[in-house]
Amino acid sequence: MGQAHQQDAAASMDSPFGRITISERDGAITAVNWGGAGTDDTPLLAEAKRQLEAYCQGTLQVFDLPLAPAGGQLQQQVCAAMSAIPFGQTREYGEMARDLGVPPQAIGQACGGNSIPIIIPCHRVVGATGLGGFSARGGVETKIALLRHEGAYSLLI
């Protein structure tokens with residue numbers, strides 16, 4: 001008999017950065033999306049909301065959740081590299097590109113393809129001459145708000 005797969009579940013919450021919806025499948029967080037209206041109540045989603053609320057309140061700096069980001073091998077490598085950037089710090093696209101042996105544009109595309117923003121902190125990746133883009137609702141303004149929240153924005157100006 002094949003293993004039964006859990007259906008996707010999603011829960012929404014309001015944050016200082018806008019309404020977000022957290023999704024899970026098979027015991028791992030698979031997405032954080034801007035907007036949405038998820039109403040599921042699973043233990044993992046409750047814990048993810050608790051951790052995100054603590055992050056928003058400034059009492060949590062490191063998430064401890066099972067994650068399953070979408071994407072191929074490079075996407076997984078970039079997600080791991082983003083997750084290693086400490087709270088309140090940033091890294092440049094070019095630095096990550098050198099470390100992973102790929103062009104900076106590939107890093108930018110992988111950051112834009114991050115299915116679990118905030119928890120996997122793509123907002124901490126910046127350009128050598130500016131912030132770079134951000135795929136969230138609100139674009140770069142949301143990135144600035146997240147970096148300000150972490151005390152990292154003042155390092156860039």
Side-chain angles (χ1 to χ4, degrees), residues 10-24 28-36 38 43-157:
S12 297
M13 62 179 275
D14 291 317
S15 81
F17 314 106
R19 185 159 184 80
I20 56 176
T21 299
I22 310 149
S23 300
E24 75 157 287
I29 300 299
T30 56
V32 171
N33 293 300
W34 306 97
L44 178 56
L45 290 173
E47 178 60 18
K49 284 173 61 175
R50 185 194 70 73
Q51 288 189 31
L52 278 162
E53 287 167 356
Y55 169 84
C56 292
Q57 293 166 358
T59 59
L60 179 93
Q61 295 186 355
V62 178
F63 292 96
D64 183 18
L65 298 163
L67 305 176
Q73 182 178 357
L74 177 60
Q75 183 71 49
Q76 300 298 318
Q77 290 174 320
V78 173
C79 283
M82 289 186 289
S83 293
I85 303 169
F87 181 96
Q89 295 184 27
T90 61
R91 285 196 72 202
E92 292 180 5
Y93 295 101
E95 284 181 288
M96 291 178 67
R98 281 188 298 280
D99 289 351
L100 296 175
V102 299
Q105 295 83 357
I107 300 299
Q109 289 171 345
C111 288
N114 175 19
S115 62
I116 313 175
I118 302 177
I119 296 172
I120 297 177
C122 50
H123 59 278
R124 296 179 189 156
V125 184
V126 297
T129 58
L131 289 169
F134 197 57
S135 60
R137 181 174 292 160
V140 173
E141 291 303 315
T142 301
K143 183 174 190 164
I144 290 169
L146 287 160
L147 291 171
R148 276 194 177 124
H149 171 70
E150 295 186 9
Y153 183 67
S154 62
L155 302 174
L156 304 173
I157 54 176

- Inter- and intrachain pairs under ring pair (Phe, Tyr, Trp, His ring centres under 6.0 Å), touching residues 63-90, at least two apart: Tyr55-Phe63
- Query: About how many Å separate CG of Leu45 and CE of Met13, when rounded to the nearest 0.5 Å?
  - Reply: 11.5 Å
- Looking at SG of Cys111 and NZ of Lys143, how far apart are the two atoms once the value is rounded to the nearest 0.5 Å? 7.0 Å
- Message: Distance check, rounded to the nearest 0.5 Å: Ile120 atom CD1 versus Leu67 atom CG?
- Response: 5.0 Å
- Rounded to the nearest 0.5 Å, the CG atom of Leu100 sits from the CD1 atom of Ile107 at a distance of 5.0 Å
- Item | Set of side-chain contact (heavy atoms from CB on, under 4.5 Å) partners for Ala54, sequence neighbours left out | Thr59, Leu60
- Task: Rounded to the nearest 0.5 Å, what's the gap from CD1 on Ile119 to CE on Met82? Could you check?
- Result: 12.5 Å
- Ignoring hydrogens and geometry, is there a side-chain-to-backbone donor-acceptor pair from Gln89 to Ala152 under 3.5 Å? no
- Contacts of type side chain to side chain donor-acceptor pair (under 3.5 Å), residue Glu47, not counting sequence neighbours: Arg50, Gln51
- Smallest separation among heavy atoms of Thr30 and Ile116, with atom names: O-CG1, 3.6 Å
- Message: So, taking the atom named SG in Cys56 and the one named CD1 in Ile118, what distance separates them when rounded to the nearest 0.5 Å?
- Response: 6.0 Å
- Qualifying salt bridge (Lys or Arg N to Asp or Glu O under 4.0 Å) pairs, either residue in residues 83-93, two or more places apart: Arg91-Asp99
- Query: Which pairs with one or both residues in residues 101-115 pass salt bridge (Lys or Arg N to Asp or Glu O under 4.0 Å), sequence neighbours excluded?
  - Reply: none
- Message: Going by salt bridge (Lys or Arg N to Asp or Glu O under 4.0 Å), name the residues that satisfy it together with Arg98, two or more places apart in sequence or in a different chain.
- Response: none
- Task: Taking side-chain contact (heavy atoms from CB on, under 4.5 Å) as the test, write out the residues that go with Ala46, two or more places apart.
- Result: Asp41
- Note on the structure: With sequence neighbours left out, the residues meeting side-chain contact (heavy atoms from CB on, under 4.5 Å) with Pro103 are Gln105, Ala106
- Applying side-chain contact (heavy atoms from CB on, under 4.5 Å) to Ala81 and not counting sequence neighbours gives Met96
- Query: Can you tell me if Ser115 uses its side chain to pair, donor with acceptor, with the backbone of Ala70 under 3.5 Å?
  - Reply: yes
- Query: Looking only at heavy atoms, what is the nearest atom pair of Cys122 and Asn114, with distance?
  - Reply: SG-ND2, 3.3 Å
- Which pair of heavy atoms, one from Pro117 and one from Trp34, lies closest together, and at what distance? CG-NE1, 4.1 Å
- Task: Mind checking side chain to side chain donor-acceptor pair (under 3.5 Å) for Thr21 and listing every partner two or more places apart, or none if nothing turns up?
- Result: Ser12
- Message: I need the full list of salt bridge (Lys or Arg N to Asp or Glu O under 4.0 Å) pairs touching residues 111-130, with sequence neighbours left out, sorted by first then second residue.
- Response: Arg124-Glu150
- Query: Of the non-hydrogen atoms in His149 and Gly58, which two are nearest, and what is the gap between them?
  - Reply: CE1-N, 4.0 Å
- Query: What residues form a salt bridge (Lys or Arg N to Asp or Glu O under 4.0 Å) with Asp64, not counting sequence neighbours?
  - Reply: none
